[in-house]
Amino acid sequence: MTNLIEQAKHILLEPTGITDTALSQVMGHLLGKQIDQADLYFQATMQESWSLEDGQVKDASFNIDKGVGIRAISGEKTGFSYADDIIVPSLEQAAKAARSIAHSGHDASVKIAQRQANVPALYPDINPLDSISKQDKINILQQVDSIARNSDPRVKEVMATLAGSYEVVLVITQDGTFAADVRPLVRLNVRVIVEQEGRREQGSAGGGGRGAYDLVATPDTFRAYTEEAVRQALLNLEAVDAPAGTMPVVLGPGWPGVLLHEAVGHGLEGDFNRKGSSAFANSMNEQVASPLVTIVDDGTLPGRRGSLSIDDEGNQTQCTTLIENGILKNYMQDELNARLMGMQATGNGRRESYAHLPMPRMTNTYMLAGKSDPNEIISSVKKGIYAVNFAGGQVDITSGKFVFSTSEAYLIENGKVTTPVKGATLIGNGPEAMRKVSMVGNDLALDKGIGVCGKAGQSVPVGVGQPTLKVDELIVGGTQ
Amino acid sequence: MNNTEKLKKSVAFALDYAKTRGADQCEMALSHSTGLDVTARNADVETVEFTQDKGLGVTVFLGKQKATAGSSDTSQEAIKSTVDKAIEIAQHMQADEYAGLPEQSELATQFKDLDLFHPWDLSFDKAIEMAVELEQLACKQDIRIKQCDGAHVVSHTGTHVYGNSMGFLHASQSTRQSLSCVLIAEEDGKMQRDYWYDCKRDALDLFSIEKIAEIAAQRTTRRLNAKSIKTQKSPVVFDASTAAGLLSSFISAISGGALYRKSSFLCDHLNKQVFAPHINIQEDPFVLKGLGSGNYDAEGVRTQQRDIVKDGVLQGYVLSSYSARRLGMQTTGNAGGVHNLMITPGEHDLTGLLQTMDKGLYITELMGQGVNIITGDYSRGATGFWVENGQIQYPVEGITVAGNLRDMFKNITAVGKDIDDRGNIITGSILLSEMMIAGS
């Protein structure tokens, strides 16, 4: 951590000549009698993206974003300002603006000290953009293209994007302590379009995580993503219209955990529960799901896309049990909501960037494995849907209604997986759907690392996962 | 020198610098915006955000090799290093025969005053006062309103400069003001959320906070005690805000990127019947104070007033210069999207439209991403009301509506005159003769 703090100061503060004394002064302006919490969040992000289309890598972009977000909280009130010039006058001005939330009070005196916290890093402190050469990035994308095109003559278009970001964060909290993080993030996405007798369909796949490009760019990994995208696209050529109505749904392992993210995860974020706007509000220690259901949010998985060594408020992330055997055990909390609810922060305070306010957000959210054999789960269904891949979802946390769209799904007829069906929206109510989970498989899997979660206009990378599971009743929004 | 002139000078500097570094062509956009965003909850201010965003994006072409770089730092040093970075990456790129800036003759030369700049003299204290008043008014509308989940007063002012190496260099200034209110109502232990907002260039044109509070409360309480309906085929009315989403799917399907990748169900549909014969859709970039108004697109190409659909027949695509070259066509001035898309309203207001439908589903909210532009397959979660004898009977939730956009566009039987002009797509409610509803 100390090493990371030095690294972060070197990158964020040294070029601008900002000293600890100057920081003490800015923090002093920010604090006052009525201010309960305050922080300075320095961040520098470098991002790149390389795209292939028509067999050629002919689009690339590179972006640098650097700035400081300054926040002061008084009771439930938050004042926030940010600047993309990391210079003392901008800091002072932003601090005054943020503190305007509390109408009076005198400057406080703060001594900036270094925190010697021993937080283990969950990923290397490298810049992944430099982890392979530009030519290698181009070669990888071209190999993706040739793998896809050689795998089947029906492949007509191949689009692939290799993207990486390098983020350096320095958080200084009201008691003058520092926390820092260096966060590499990479991903590779492959999308193919196939055609057969005039019908066109698509398939997509990809993966990523926190580390160097070798996470996604070894021949085995990019081959696997590419073959998966082609397989899905070809399968969609055979897909028939989905049925319409209420029926049992078996969800496959891994990425279908997006169901949990939507149906349960958002509803267990601290802010919605403090405000009483979540369908799960005031349900602590109550049975909110089937006894088969245990769900955790775990920010500590090494190298995973949703993981963080520290959150954006400088707190170490943790594995928080949200629901245990169906009983609601905990919420995901940032500092503000934890304090107002008299609970502990859980290391879930996240923000898209210095220009956004932190709020409780998920990291990697997944359901623990159960005891059922996945085959046994499928054979228990007479007529239903087996959904193994999803395009995305959305939730209304107040009514609990969630939807998600299948991108690979099949009919289950008399206990057997049969015909693939076209993309259909599944809709349910979070708490109700969780009570209707009747079987949980022993095959827990996490997603491949390309998830993005949006909340209040802010996007952050997340992970999801689950074993195969059966929900006795969901509405399937097909046309037949 | 004012701020706009400074920004223009920065762009001119970048374009010159790129030339000295060997770029054959270059374009650059530079924007600077500031704003105030105040939220009230529980009869008090909850958050105050002072926003100020700067950003530059530069694209360089080395022959037919292209790369883009951007930075939040707009200093001269940062501009140089951003251009350098773009050139460094472009050297590695493969040539794209279609890459390049638009033709000189396509660039905008006339710049009408579109009346987009109306700074709001809104003090910090006044903004807080308005937000709190809106919150309080909304909470008082109905005893079933449990709480306000945020009353927002937002004011933004922005300057955008675009320039390219063909001599185009222009600045535009605009403002965007909005009021919004999110409410939660509760009855029998079940909660519902809904909201209302208004967004305009000029604060004087905004709905009053009284009106926003009233509509938000009405929309939220009417959702209480919603139930599912049985699986069936039925006519549906998309209200004006969800109808805008339907038209936005249409725009995606006629956009250059989807067309040249042959990944649209509307490929090769130019001059063909796409909508019912009574449907007319226009684009008008020159609406005064319009949220989608502009004299030029993201490449400096002049925008145009035009018919996109006439008597149900597709008249034109939505193209940038790149996608146009890929398709062997001409840019339509739509790099960056459409500018005020408007569907011609019919004779009925919403009440008349529901009466015309007689029996069916009135949709007020859609959820999820279940729209496949390649195939036209459409399946989304819906919330709304069941209508019989032209009258709203009860609220409905937890259902999906599904169909194929190909059929849905042709099945439009009427467009309402209850125009929603709070966005770039301007439409009234839309009546469709049949969709598949999945429910209990």
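Every chain is numbered from 1, with letters handed out A, B, ... down the list of sequences.
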Which of B:Ala90, B:Ala438, B:Gly70 touches chain A most, by non-hydrogen pairs under 4.5 Å: B:Gly70
Beyond-backbone contact of B:Asp44 with A:Lys77, side-chain heavy atoms, under 4.5 angstrom: yes
Beyond-backbone contact of A:Trp50 with B:Ile89, side-chain heavy atoms, under 4.5 angstrom: yes
For B:Asp53 against A:Ala355, the heavy-atom pair lying closest together: OD1-CB, 4.4 Å
Between OG1 on residue B:Thr400 and CG on residue A:Leu474, distance to nearest 0.5 Å: 11.5 Å
Among B:Lys190, B:Lys54, B:Gln192, residue most engaged with chain A (heavy-atom pairs, under 4.5 Å): B:Lys54
Candidate pair A:Val403 and B:Arg380, rule side chain to side chain contact (heavy atoms under 4.5 Å, CB included), full reasoning: CA-CA 8 Å; A:Val403 299; B:Arg380 300 187 72 189; over 6 Å; no
Among A:Glu76, A:Arg71, A:Gln135, A:Lys275, residue most engaged with chain B (heavy-atom pairs, under 4.5 Å): A:Lys275
Close side-chain approach of B:Thr375 to A:Glu201, heavy-atom, < 4.5 Å: yes
Closest non-hydrogen atom pair between A:Gly477 and B:Ser379, with its separation: O-OG, 2.7 Å
Residue selection (most heavy-atom pairs with chain B, distance under 4.5 Å) from A:Asn236, A:Asp54, A:Thr425: A:Thr425
B:Thr231 to A:Gly245 - nearest heavy-atom pair and separation: OG1-CA, 3.4 Å
For A:Gly478 against B:Met436, the heavy-atom pair lying closest together: O-CG, 3.6 Å
Choice from A:Lys66, A:Gln480, A:Arg199 maximising heavy atom contacts with chain B below 4.5 Å: A:Lys66
Heavy-atom contact with chain B under 4.5 Å, split by part of A:Phe404: neither
B:Glu365 side chain near A:Lys401 side chain, heavy-atom distance below 4.5 Å: no
Step-by-step salt bridge (charged side-chain N to carboxylate O under 4.0 Å, His left out) determination, B:Lys262 to A:Glu195: CA-CA 10 Å; B:Lys262 296 202 172 58; A:Glu195 186 178 306; over 6 Å; no
Exercise: identify the closest heavy-atom pair between B:Gln94 and A:Lys58: O-CB, 3.6 Å
Any side-chain heavy-atom pair of A:Glu157 and B:Ser263 under 4.5 Å: no
Best-contacting candidate, A:Ala94, A:Gly393, A:Gly423, against chain B by heavy atom pairs under 4.5 angstrom: A:Gly393
For the student: nearest non-hydrogen atoms of A:Leu357 and B:Glu49, plus distance: CD1-OE2, 3.6 Å
Residue, of B:Ala67, B:Gly398, B:Gly370, B:Ser440, that accumulates the most heavy atom pairs under 4.5 Å with chain A: B:Gly398
Side chain proximity check, B:Ser228 to A:Ile475, heavy atoms < 4.5 angstrom: yes
Min side-chain heavy-atom separation A:Asp59-B:Lys66 under 4.5 Å: yes
Residues B:Arg193, A:Ile397; criterion side chain to side chain contact (heavy atoms under 4.5 Å, CB included); working and verdict: CA-CA 9 Å; B:Arg193 155 201 303 262; A:Ile397 50 113; 3.4 Å; yes
Close side-chain approach of B:His92 to A:Val57, heavy-atom, < 4.5 Å: no
Step-by-step side chain to side chain contact (heavy atoms under 4.5 Å, CB included) determination, A:Glu53 to B:Tyr260: CA-CA 11 Å; A:Glu53 191 174 356; B:Tyr260 78 71; 3.0 Å; yes
Interface residue of largest heavy-atom contact number with chain B, from A:Thr246, A:Asp85, A:Ile64, under 4.5 Å: A:Ile64
Closest-packed option against chain B by number of heavy-atom pairs under 4.5 Å, given A:Ala242, A:Gly400, A:Ser405: A:Ser405
More than 12 heavy atoms of other groups within 6.0 Å of B:Tyr195 OH: no
